[in-house]
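Lettering follows sequence order; numbering is per chain, from 1. Just so it is clear, the structure is predicted and the values come from calculations on it, not from any experiment.
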2 protein chains.
Amino acid sequence: MTATVHPLNRDTPPSLNPIMSLVAQDMNAVNSIILDRMQSEIPLIPELAGHLIAGGGKRMRPMLTLASAKLLDYPGTRHHKLAAAVEFIHTATLLHDDVVDGSDMRRGKTAANLIFGNPATVLVGDFLFSRSFELMVEDGSLKVLRILSNASAVIAEGEVDQLTAQRRIETDEERYLSIIGAKTAALFAAACRISAVVAERDEATELALDSYGRNLGIAFQLIDDAIDYTSDSETMGKGVGDDFREGKVTLPIILSYARGNAEERKFWEDAIAGHRSSDEDLAYAIRLMRENGAVDDTIERARLYGQRAIDAIAGFHAADAKAAMTETVAFAISRAY
Amino acid sequence: MTATVHPLNRDTPPSLNPIMSLVAQDMNAVNSIILDRMQSEIPLIPELAGHLIAGGGKRMRPMLTLASAKLLDYPGTRHHKLAAAVEFIHTATLLHDDVVDGSDMRRGKTAANLIFGNPATVLVGDFLFSRSFELMVEDGSLKVLRILSNASAVIAEGEVDQLTAQRRIETDEERYLSIIGAKTAALFAAACRISAVVAERDEATELALDSYGRNLGIAFQLIDDAIDYTSDSETMGKGVGDDFREGKVTLPIILSYARGNAEERKFWEDAIAGHRSSDEDLAYAIRLMRENGAVDDTIERARLYGQRAIDAIAGFHAADAKAAMTETVAFAISRAY
């Protein structure tokens, strides 16, 4: 790990503590808005939404909106409502993802679709998505509305693209990066960028924050992909090998397939086709990846995107915010160790 | 049928022809926008969206936006994009409804979920929903964005409310009217109202058009409910008795249950619980409804809402538009005969 990604000489591993302290007060306000605006006269709506929202999660995206505002020394509170809108968009996509993937677990709890059923899960997702636009309209910035409606369309496109790529071993690295750029990184980028809009800063500032968020988002996703082949279920809130068992084509698989000999390629083809999902198969997959370096190189690529995120905010001066946002990148990468 | 609902003395039954002729040219422009904006680099998106959109449907909601603009002598074209946005919201909710209901058929064709699967159907719905907001943002009216984001949240609430009421025989008329007011009538109301916004007319005009759309929407839904117990499958694009077999509590059932003796109530309870779905059960249900007047009175209520819709636009002067919008109400009601 380079000195830049680990900006501080110290013994403690990088964490989200700096960014959490940076935005703690703002986050209280955002949490109040989230709790207030997920209410409805239809009791099932706050019950189902609350199951996921109260279930925690790092509130990573609203945290980035708040930290970006700090980086720009924005003195106002308009971004609170918008950070809540970003979290609602994210929550809506998680609910729909759980239906799409037939998830069993989410954030260490039983997934909403298993408790409340697919119909309610789809519809409460729709409600939160609509509510997020209501929040944006209340704020009144057409530029923010443009950024977030575009991000939402791109996320949906990325999800459909991923669905099309599902169980297709021929998915290559470019295609995969385009999928996670849409499905994961677009909302990270938008979450950061909208703070430049409310702070009324120039286009270059918007683009710098967009770049920070986008590259951080890709780094996060690539590390998630790597962790699925390294960690144990305790540290993730989901089981190791989930991606493998579901036949998900992620970067470790793409690299392994590209690097494999005929016999190994056959194994990866079978795995992605759903014929290799035993514990022994998973152990063999992990061993192959250790030999061919696919997990290490996935982490290496994540580190590269992380470095780009850090460089994107190099020109800003708010020291605390910049340090916290830099350490957030280091934290994202460090999860692989 | 009163002279007001049948405004013309003639032998031909009321039809959508007048409103279709009124807006034909505008509708070509709207259809181009719909076809253009459902495109995506991900081929599955236009394929799935096209299956439903090309499958026809009356384009009732965008037609109402266009007719309302004619009623106000609005000379511009801004409403074309917004009419497309309204149709995208409607299409997104249909796709999600098909997943929620596990539909087999839609618009006389195999439902998208059966051809493309639930995951793609949910996600393409999300895409169209996001795209609708992009279209609104391009138009740039925050007032329109407020009206349509609110309508979207209300629709989702109505759908969840209906889900909660599913298979609950104790659902009463008030609750049911509140559900269809949210789930169906809110988008009819918004579709009409936004034309008053683009034409820059006063609040009273907005409210009049909102009321026309809302009451027409309720009338449409109540007639749909009645038809399920009267028509044959040819005229609907779906089978008669679908609501009954699915245990859907609609107004004909609510009235029948309220009016039934102990034995009949037991039958309705069993039916809604899912234990009465044979052809004989359906025939018995229809016979009971004929005796207790539930279908006739559902139609009677629809006629009342239709009359309110007509009265709501009584003060406007554009003769062609007013006649066409009046006949649209008459058409909605006449479907029951």
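- Rounding to the nearest 0.5 Å gives a distance of 6.5 Å between OG of B:Ser178 and CD1 of A:Ile42.
- In this structure, the portions of A:Asp161 lying under 4.5 Å from any heavy atom of chain B include both its backbone and its side chain.
- Your options are A:Val124, A:Leu128, A:Thr164, A:Leu142, and the one with the most heavy-atom pairs under 4.5 Å with chain B is A:Leu142.
- The 12-atom threshold is exceeded at CZ of A:Arg167, counting heavy atoms of other residues, nucleotides or ligands nearer than 6.0 Å.
- In this structure, chain A has heavy atoms under 4.5 Å from both the backbone and the side chain of B:Ser40.
- A:Leu163 touches chain B through its side chain: at least one heavy atom from C-beta onward sits under 4.5 Å away, while N, CA, C and O do not.
- Interface check for chain B: of the options A:Val122, A:Val154, A:Thr121, A:Asp101, the most heavy-atom pairs under 4.5 Å are formed by A:Val122.
- Between the OG atom in B:Ser152 and the CZ atom in A:Phe127 there is a gap of 11.5 Å [rounded to 0.5 Å].
- Highest contact tally toward chain A, considering only B:Ala156, B:Ala92, B:Pro119, is held by B:Pro119 [criterion: heavy-atom pairs under 4.5 Å].
- Distance CE/A:Met136 to OG/B:Ser149: 9.0 Å, rounded to 0.5 Å.
- Remark: A:Ile45 CD1 to B:Glu159 CD distance equals 10.5 Å, nearest 0.5 Å.
- Here the OG atom belonging to A:Ser130 is positioned 8.0 Å from the CD1 atom belonging to B:Ile89, to the nearest 0.5 angstrom.
- By the 4.5 Å heavy-atom criterion applied to side chains, B:Val99 and A:Asn118 are not counted as neighbours.
- You'll find the side chain of B:Val137 stays beyond 4.5 Å of the side chain of A:Asn150, heavy atoms only.
- More than 12 heavy atoms of other residues, nucleotides or ligands sit less than 6.0 Å from atom CD of B:Glu173.
- Surrounding CD of A:Glu170 are more than 12 heavy atoms belonging to other residues, nucleotides or ligands, all under 6.0 Å away.
- For B:Glu138, no part sits under 4.5 Å from any heavy atom of chain A, backbone or side chain.
- Between atom CG of residue B:Asp126 and atom CZ of residue A:Phe129 there is a gap of 6.5 Å, rounded to the nearest 0.5 Å.
- Considering B:Val160, B:Ile155, B:Thr93 as possible partners of A:Leu123, the one that fulfils the side-chain contact (heavy atoms from CB on, under 4.5 Å) test is B:Val160.
- A perpendicular orientation is assigned to the rings of B:His96 and A:His96, their planes being inclined by more than 60° (bins at 30° and 60°).
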